[in-house]
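This report refers to the structure that appears directly beneath it.
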Amino acid sequence: MRLLSIRLIVSLIVGITLVSLASSYYEALGEQTGLRRDLERRSEVFGESLAGNVEGDLEKDSAQDLQRIVQQYGNREHLAGLAIYGRQGNLLAVTPDLASTLATVPSVMSQALRENHGAGEFQRVGHASLHIYAVPLHQHDEVIGGLAIVHDSGYIRAESLHIWRQTFLRALAHVFLIVLITLLIVRWSIAGPIARTAQWMRALRTGRSSSHQNANDLDLFRPLVREVAAFAESLNQARSAAETEAHLRESGESLWTADRLAVHVRKRLGNGRLFVVSNREPYMHIRHGNSVDVVVPPSGVVTAIEPILRVCDGTWIAHGSGDADLETVDEHDRLRVPPDDPRYSLRRIWLNKEEEEGYYYGFSNEGLWPLCHIAHTRPIFRAEDWKCYQAANLKFADALLEEMKDVEKPIVLVQDYHFALLPRLIKEKRPEARVAIFWHIPWPAPQAFDISPWRRELVEGMLGADLIGFHIQSHCNNFMQTVDRVLEARVDWEHFSVKRLDHLTLVQPFPISVDFTDVEQPESTQDSYVDRSALRKNLGVESTYMGVGVDRVDYTKGILERFLAIEHFLEKYPAYQGQFTFVQIGAPSRGHLKNYHDLMVEVEAEADRINRRFQTDNWKPVIFLNRQHSHQEIQSYYRAADLCLVTSLHDGMNLVAKEFVAARHDENGVLILSCFTGAAHQLLDALQINPYDVDQTAEAIRCALEMSPEERKLRMHRMRKNVREHNVYRWAGNLVAELCELRLDSSDKSTDGPRASTAAWG
Ligand code: G6P
């Protein structure tokens, strides 16, 4: 740093001095030229005006008069003297001091006499600098002699030297001031922030600081600070991953982490590449006025798949549904995401209004969604929607095939009920690709599936896959029975596989989960207290107990049943009136469909009705927050709540239940969970309820609020252990391992039957 400062100072001094000298040189030169011109002009004016006087005396030929004139005018400023010459250049009169200098006719005088007009020149005579101006003298237009005006021009040089001296001193002062100011700027704006940044980086390196740095005083370094913060974040993650690993080695546990999944997938993929296809994209670009916001949509699929793509750097193909999506892709409709920390590629597919209407709203959400969820909403199957569904599957298949074009061993994970036809479309073109479809929603009993007019085509499309995954065994069983009922195929109940037209498909349960890798942490109740009082303040209610529900507003989630249960609970246990508030976070969903729109209105009205019945000045029983909340916002509700209510009428898995458990570092809080969710098969320590049984749910609320702290802790501890061990990394690891390890050669499979599952669900 010191060496740098010295170099900086020397460069500044040299630079500024050179610039000052150059500018002084031109300034002095200009001044000198000005003074010379001024002297010439003065000589000329004086010479011309004096010539008239001299001409008379010269005519008279009076040497005495001539000498008088010479002496009379010879004492003006800077005037060295005068001399008068005759026609032949003979000296007639001269200022005595100049007698010797002007004894010989100056060349300028000869020139003036010869050319008959005034002429001037600067001359050096001995040590003196002179300016001589010669004027011809006339009689009747005839040249009769000449007058020489002689100035001492030495003052011009003295003046120039003075200017040089002044400029030099000024330059010196400039150098001093500029160096001083520069050093102060460097110290305050550069050296200081650099030192603080270095200090912060040292603290990061030694793990004594967070990656967040207050960059207010680091204006100049903001881009650097941002980069370092991102770098530090990765460092922290790597550090905590290493700590987790160390902890796991120490406790002998075998936990799935992001790093483990990355290694696992890379090992299995070799030079293959992972492709994910889903309808919903992980990042939507939404226009808000003049700016564009990045939004993560509320979707179980996104929650589960995003962490996997982050560690495997594959390609995710999804519908570009944000209104600013088109502006944010490259010419191949791709972009790297997450936008602030790019890890994998997102390829967006564009659907026009009609396609989206038929494929997404119509066939997927009015047909398949209610068909697979037993929530007593009648499925609607329209032939036009079916056409759109087929066309959209084809469109996604084409894009996927294009993305896979140069990839030797593609591994494809197709997501959900929007793409039942995709596996077959892919395998027809790329039989060597390994394709799995994961069905994120329940698969109904075969008789229920019968009502779909295109049940055969749907099942056939899915059987194009090498592996079909459901959340739980009973969904697998339902699917196998459906195949048996609608198609000619060999359904192997021993190995859970289906063989159709020489192609073999394994059908397996893979219970999806959340990104939960924390090892046991010392109890931290701090967060929940902070969260709870901050939330209460924001919501403007005073209540001792708080419950939370987090859902897309969807008729399968049992939100109305939940509200009825809360009402019944307050009715049955009036002591809790004024004491218990339930916060329902309801993300608007599929609002374009009438029944979703009506449901939103109904849920709001129901919350109002219950509130009107019980509310007081500073308390109400139900707070309905009908907007999408960020992950962080939801986390604080989870941590602050005494209980979480999941009352789905039917749900493939339900990740809210697992997110709630994962959020409870304090091992507190009670989960009330519908027995009709996939999660209920794993979270046996939740209070399980039938959401249609309002009284049972009300009892569960009471039981949760009155449960002893020991029991709450024990139940939450066991559920956390389960979710930690069966996290989303394990889900993905098993799915990918199963897909990568199965044999694609059907003749092999026909003799041996499929290989037993390698998934270790332990
Ligand atoms: C369920 C489905 C997902 C879907 C999500 C949100 O979890 O299984 O495929 O993405 O709901 O619904 P949306 O229609 O908004 O994508």
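For the numbers below, each heavy atom of this structure counts, side chains included, while hydrogens, waters and symmetry mates do not. Order of listing sets the numbers, starting from 1, for every ligand and every atom in it.
Residue, atom and distance of the protein heavy atom nearest to atom 14 (O) of ligand 1 are Y360 OH, 2.4 Å. For atom 15 (O) of ligand 1, the closest heavy atom belonging to the protein is R280 NH2, 3.0 Å. Protein heavy atom nearest atom 7 (O) of ligand 1, with residue, atom name and distance: G300 N, 3.7 Å.
For ligand 1, the atoms closer than 4.0 angstrom to any heavy atom of V301 are 3 (C), 9 (O). Taking every heavy atom of H418 and a limit of under 4.0 angstrom, the matching atoms of ligand 1 come to 9 (O). Listed by atom number, the atoms of ligand 1 under 4.0 Å from P298 heavy atoms are 6 (C). Within ligand 1, the atoms closer than 4.0 Å to a non-hydrogen atom of H440 are 8 (O), numbered from 1 in the order shown.
Not a single N or O atom of W369, backbone or side chain, sits closer than 3.5 Å to an N or O atom of ligand 1. Remark: ligand 1 and D416 share an N or O pair separated by less than 3.5 Å (distance only, no angle test). Note: an N/O pair closer than 3.5 Å links R590 and ligand 1 by distance alone.
Side-chain atoms of S674 never come within 3.5 Å of backbone atoms of V646 as a donor-acceptor pair (strictly under, hydrogens ignored). Side chain of E281 to backbone of S321: a donor-acceptor contact under 3.5 angstrom is found.
Between F396 and F419, the ring planes lie tilted relative to each other; the angle falls in the 30° to 60° range. The aromatic rings of F470 and F479 sit tilted, their planes meeting at an angle between 30° and 60°.
Across P297, S299, A318, S278, heavy-atom proximity to atom 10 (O) of ligand 1 is greatest for S299.
Electrostatic pairing of R336 and D313 counts as a salt bridge here, judged by a charged N lying under 4.0 Å from a carboxylate O.
Contacts between I441 and ligand 1 below 4.0 angstrom, taking non-hydrogen atoms only, involve the side chain exclusively. In R552, the part holding a heavy atom less than 4.0 Å from any atom of ligand 1 is the side chain.
L368 approaches Y389 most closely through the heavy-atom pair CD1-OH, 3.7 Å.
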With side chain to side chain donor-acceptor pair (under 3.5 Å) as the criterion, how do H592 and E357 come out once you've worked through the C-alpha distance, each side chain's angles and the decisive distance to 0.1 Å? CA-CA 9 Å; H592 191 57; E357 202 71 51; 3.1 Å; yes
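Counting only N and O atoms by type, the side chains of Q473 and H681 include no donor and acceptor under 3.5 Å apart. Side-chain contact of H285 with T328: a donor-acceptor pair under 3.5 Å is present, judged by distance alone.
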